[in-house]
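Residue numbers start from 1 in every chain, and the chains themselves are labelled A, B, ... in the order their sequence lines are given, proteins ahead of strands.
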2 protein chains.
Amino acid sequence: MSRHVSCNDCSLSPICLPLAVAPAQLNELDNIIHRGRPLRRGEHLYRAADTFTAVFAVRSGALKTYVISDEGEEQVTGFYLPGEIVGMDGISTAHHISNAKALETATVCEIPFHRLEELSQKIPSLQHHFFSLMSEEIRADRELHRLLSKKSADDRVASLLLSLSARNQRRGLSATVFRLPMSRYDIANYLGLAVETVSRIFTRFQQQHMLKVNGREVEICDRPALCGQGRLQEEA
Amino acid sequence: MSRHVSCNDCSLSPICLPLAVAPAQLNELDNIIHRGRPLRRGEHLYRAADTFTAVFAVRSGALKTYVISDEGEEQVTGFYLPGEIVGMDGISTAHHISNAKALETATVCEIPFHRLEELSQKIPSLQHHFFSLMSEEIRADRELHRLLSKKSADDRVASLLLSLSARNQRRGLSATVFRLPMSRYDIANYLGLAVETVSRIFTRFQQQHMLKVNGREVEICDRPALCGQGRLQEEA
DNA sequence: CGCCACATTGAAACACTTCAAAGTCGGTGG
DNA sequence: CCACCGACTTTGAAGTGTTTCAATGTGGCG
């Protein structure tokens, strides 16, 4: 995969920023985007307190964002798959407030934020799309809030699986068979559970024939049952 | 309080949208804003599935937002105090995804969204401020996520109190003595706890001389102790 | 005054965590 | 090529914070 795929040629463009931009203007957007070298598993895209200069579109692979609390504990705040935009939480503070780390080999498109703002001044649909993206992120956070409040651990795990499934489907991939890019630890941390709990739930779901799990490979066998377990579709 | 206070004269302007707008341009913003009649306690500002046409700046009183899950359960997703903007979660879907209800008599400024977008095209600082507001909302949601994951109920309650305190202070009011605009039920629901748990924590905090509570009147007596209990400062 | 919604308190139940140990997978070097 | 190491995952048993159930208390308002 070349480092210089243009937005025109990118298979993700229907779900990424270009969505909002008319073909005639796509070059302008294309020109401000930097394609960096791939990140290896474990590498950071940015760290908390880095000055905020850009948002990033995930092109391949997967990332997680996390913060470290004052007590030194990690809190995973999100997972980002191809086509999704990461780094929008830094706009208000001028520096990033979370860390973004590659869960596996990943490539991203870097979109300098002040250039994006300039361009948004000229292209109303781009401004709207970006407002919309952020609004979507807020919506997803609300959904997550609901999930974490409505205690049941089963619901949480089911919801995450369904969310990943939906996001996979959006990229034109299978909604039933896929690979989890993150560890059990990350899942547990994200959902506010103990690793052991997540593990137990995976085995139980399997015993109930809702799921086939083999390490990070997952197959959803009984989607209705999984849905009944807990709702949630998204995460921007 | 007149229904026609202009942004110029509004005491909240330093923490609201006008912040971003030069005096010369303030009239333009001012002109697109509708000041509606006050909402009474329990009245809705908007409901889920209403078409999204505007965001709202709270001028006085307080609101809560909530969603109703498929099982019919309410989930409180946020509290909004004077100077704060509510309704931004509807942008991406063209209709509101939550309900906004007055916790007490409240007045709001309605800001038609497409007009705001138009104006943002002309006033870069307004566009930036609005991006920033949304980013701040995301940041606050992340913090809430951390709070709900890091289980302890004590931490959650302490954090909410500190958040309300900080937001009070931002408006130039007391950071130590204030009135909770929401019921114990709302607090519990928002924090993912049972009402009884919240109640018990309030009494315990009082026994530990961290707090004085009398119904909805609160006085923070030992802020460091409360901080030690759990971090979190915000909520946009 | 008495009703109703809201708030507090106590006791029992339970879901999830914590602690402990064993199992699995992938990679590296002998 | 196989053995071993470390990181991750699974499983079991005991502990605990929070919920649930039930009852009593309180305050505002017709």
Side-chain angles (χ1 to χ4, degrees), chain A residues 40-42 62 64 71 73-76 101-105 147-161 179-208 211-218 229-230, chain B residues 40-42 62 64 71 73-76 101-105 147-161 179-208 211-218 229-230:
Chain A
R40 277 192 301 270
R41 183 168 189 278
K64 72 169 177 182
E71 303 87 50
E73 276 180 57
E74 175 173 335
Q75 170 66 53
V76 176
K101 190 180 189 174
L103 290 168
E104 54 195 28
T105 305
L147 196 65
L148 295 180
S149 274
K150 197 172 138 304
K151 333 107 309 277
S152 148
D154 288 22
D155 287 358
R156 301 188 201 180
V157 174
S159 291
L160 179 61
L161 288 170
R179 181 180 166 76
L180 302 172
M182 72 294 278
S183 69
R184 299 286 190 273
Y185 171 84
D186 286 331
I187 294 175
N189 186 300
Y190 177 70
L191 295 176
L193 300 171
V195 194
E196 294 92 327
T197 306
V198 172
S199 185
R200 277 184 254 268
I201 289 172
F202 272 43
T203 31
R204 185 150 37 76
F205 278 180
Q206 190 158 215
Q207 284 162 0
Q208 296 167 183
L211 222 60
K212 287 204 186 91
V213 191
N214 188 345
R216 295 191 174 186
E217 300 295 335
V218 172
Q229 207 51 242
Chain B
R40 279 191 300 271
R41 182 168 190 279
K64 73 170 177 181
E71 302 88 50
E73 277 179 56
E74 174 173 336
Q75 170 66 54
V76 175
K101 189 180 191 177
L103 291 168
E104 55 194 29
T105 305
L147 196 64
L148 295 180
S149 274
K150 196 175 139 303
K151 336 109 304 274
S152 148
D154 288 23
D155 287 359
R156 300 188 202 182
V157 174
S159 290
L160 178 60
L161 289 170
R179 181 181 167 77
L180 302 172
M182 73 294 277
S183 70
R184 299 285 190 274
Y185 171 84
D186 287 331
I187 294 175
N189 187 298
Y190 177 70
L191 295 176
L193 300 170
V195 194
E196 294 93 327
T197 307
V198 172
S199 186
R200 277 185 254 270
I201 290 172
F202 272 44
T203 32
R204 184 149 36 76
F205 278 180
Q206 191 158 215
Q207 285 162 359
Q208 297 166 182
L211 222 59
K212 286 204 187 92
V213 191
N214 187 345
R216 294 189 175 187
E217 300 295 335
V218 172
Q229 207 54 241

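The CD atom of B:Glu217 sits 11 Å away from the P atom of D:dG28 (whole-angstrom rounding). Atom CZ of A:Arg200 is separated from atom P of C:dC14 by 18 Å (rounded to the nearest Å). Rounded to a whole Å, the CD1 atom of A:Ile201 is 13 Å from the P atom of D:dT11. In this entry the distance linking CG of A:Leu193 with P of C:dT18 reads 11 Å, nearest Å. At whole-Å resolution of the value, CZ in B:Arg184 and P in D:dG25 are 19 Å apart. The distance between atom CG of B:Asn214 and atom P of D:dG27, rounded to the nearest whole Å, is 8 Å. Atom pair A:Asp186:CG and D:dC8:P shows a separation of 9 Å (rounding to whole Å applied). In this structure, the CD atom of A:Glu196 is 18 Å from the P atom of C:dT24, given to the nearest Å.
A sub-4.0 Å separation between OP1 or OP2 of D:dC8 and a side-chain N or O of A:Ser183 is absent. Distances shorter than 4.0 Å separate none of the side-chain N or O atoms of B:Thr197 from OP1 or OP2 on D:dG17.
Taking a 6.0 Å sphere around CZ of B:Arg40, one finds it holds 12 or fewer heavy atoms contributed by other residues, nucleotides or ligands.
A:Leu193 is listed as a side-chain neighbour of A:Val157, based on a closest heavy-atom distance under 4.5 Å.
Comment: A:Glu74 does not engage A:Lys101 in a salt bridge, judged by the lack of any side-chain N to carboxylate O separation of less than 4.0 angstrom.
Among C:dT9, D:dT20, C:dC16, the nucleotide with an atom closest to any side-chain atom of B:Ser199 is C:dT9.
The residue A:Phe202 sits apart from the nucleic acid: no heavy atom pair falls under 4.0 Å.
Between the side chain of A:Arg156 and the backbone N or O of A:Lys150 there is no donor-acceptor pair closer than 3.5 Å.
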